[in-house]
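Naming: A, B, ... by sequence-line order, numbering from 1 per chain. Note that the structure is predicted; figures quoted are calculated from it, not measured.
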Amino acid sequence: MHYWLMKSEPDAFSIDDLARVRTEPWTGVRNYQARNFMRDGMRPGDGVLFYHSSCAEPGVVGIAEVASEAYPDPTQFDRKSDYFDPASTTENPRWMLVDVAFKRKLKRTITLTELKELPKLDEFSLLRRGNRLSVLPVTKPQWDCILSLETR
DNA sequence: GCCAACGTTGGC
DNA sequence: GCCAACGTTGGC
């Protein structure tokens, strides 16, 4: 079992949206490193910290779960999609995704500000300078450390 | 293969 | 809205 963090802009797709639809294909990732994490790293059942970015209060807002093996992102073949990639083919798809399933909302947002204050998370890639990955790995100690803040 | 230009991310 | 950081593109 592995652990991950996935970012989403709540204006576009929030934890409440995920709670409503229950399961969502994670379309639109167009970064090779993030793709590789989904394609090569993720397995059904892996834990996911759901993170709200580019908003008033950035932070971890919920827990989700990887709900499928990786498969080709259908939006890369859709000419009408913002994520259309003319260089990708069905025989050799460039972009992969997984389904993400809702588990629960946190009792409160664990803010980015709080995470930065924890010495234990110095090595957490979310907090490293210039990090822009929208899908990134979380170690078990980091996972436990972050979630221990929920009821603090 | 280098690197400048450009686009995007995301916190503030 | 600003801007730092960083990935990608494309000319050479």
Using the ring-ring contact (aromatic ring centres under 6.0 Å, His included) rule, collect all pairs that involve residues 84-121 of chain A, keeping only residues at least two apart or in two chains.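 Qualifying pairs, neighbours excluded: A:Tyr32-A:Trp95.
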
Going by the ring-ring contact (aromatic ring centres under 6.0 Å, His included) test, which pairs reach into residues 106-143 of chain A, not counting sequence neighbours?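 Every ring-ring contact (aromatic ring centres under 6.0 Å, His included) pair that includes a residue of residues 106-143 of chain A, provided the two are not neighbours, is A:Tyr3-A:Trp143.
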
Expressed in angstrom and rounded to an integer, what is the separation of [X] atom [atom1] from [N] atom [atom2]?
X        : N      : atom1 : atom2 : result
A:Leu127 : B:dG11 : CG    : P     : 10 Å
A:Leu115 : B:dG11 : CG    : C1'   : 14 Å
A:Lys116 : B:dG10 : NZ    : P     : 13 Å
A:Glu57  : B:dG11 : CD    : C1'   : 14 Å

Quick check: is A:Met96 connected to A:Phe37 through a chain of hydrophobic side chains (ILVMFWY, heavy atoms under 4.5 Å apart)?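 No, A:Phe37 does not connect to A:Met96 through the hydrophobic network.
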
Pairwise side chain to side chain donor-acceptor pair (under 3.5 Å) hits with a residue in residues 108-120 of chain A, at least two apart: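 Pairs touching residues 108-120 of chain A that pass the test: A:Arg108-A:Glu114, A:Thr111-A:Glu114.
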
Between protein and nucleotides 7-9 of chain B, what N or O pairs are separated by less than 3.5 Å?
residue, atom, partner, partner atom, Å
B:dT8, O2, A:Arg132, NH1, 2.7
B:dT9, O3', A:Arg132, O, 3.4

Please identify each residue that fulfils side chain to side chain contact (heavy atoms under 4.5 Å, CB included) with A:Ser68, with sequence neighbours left out.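 Listed in chain order: A:Tyr71, A:Val98, A:Asp99.
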
Results of side chain to side chain contact (heavy atoms under 4.5 Å, CB included) for A:Ala56 - residues two or more places apart only: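 Checked A:Ala56 against side chain to side chain contact (heavy atoms under 4.5 Å, CB included); zero matches.
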
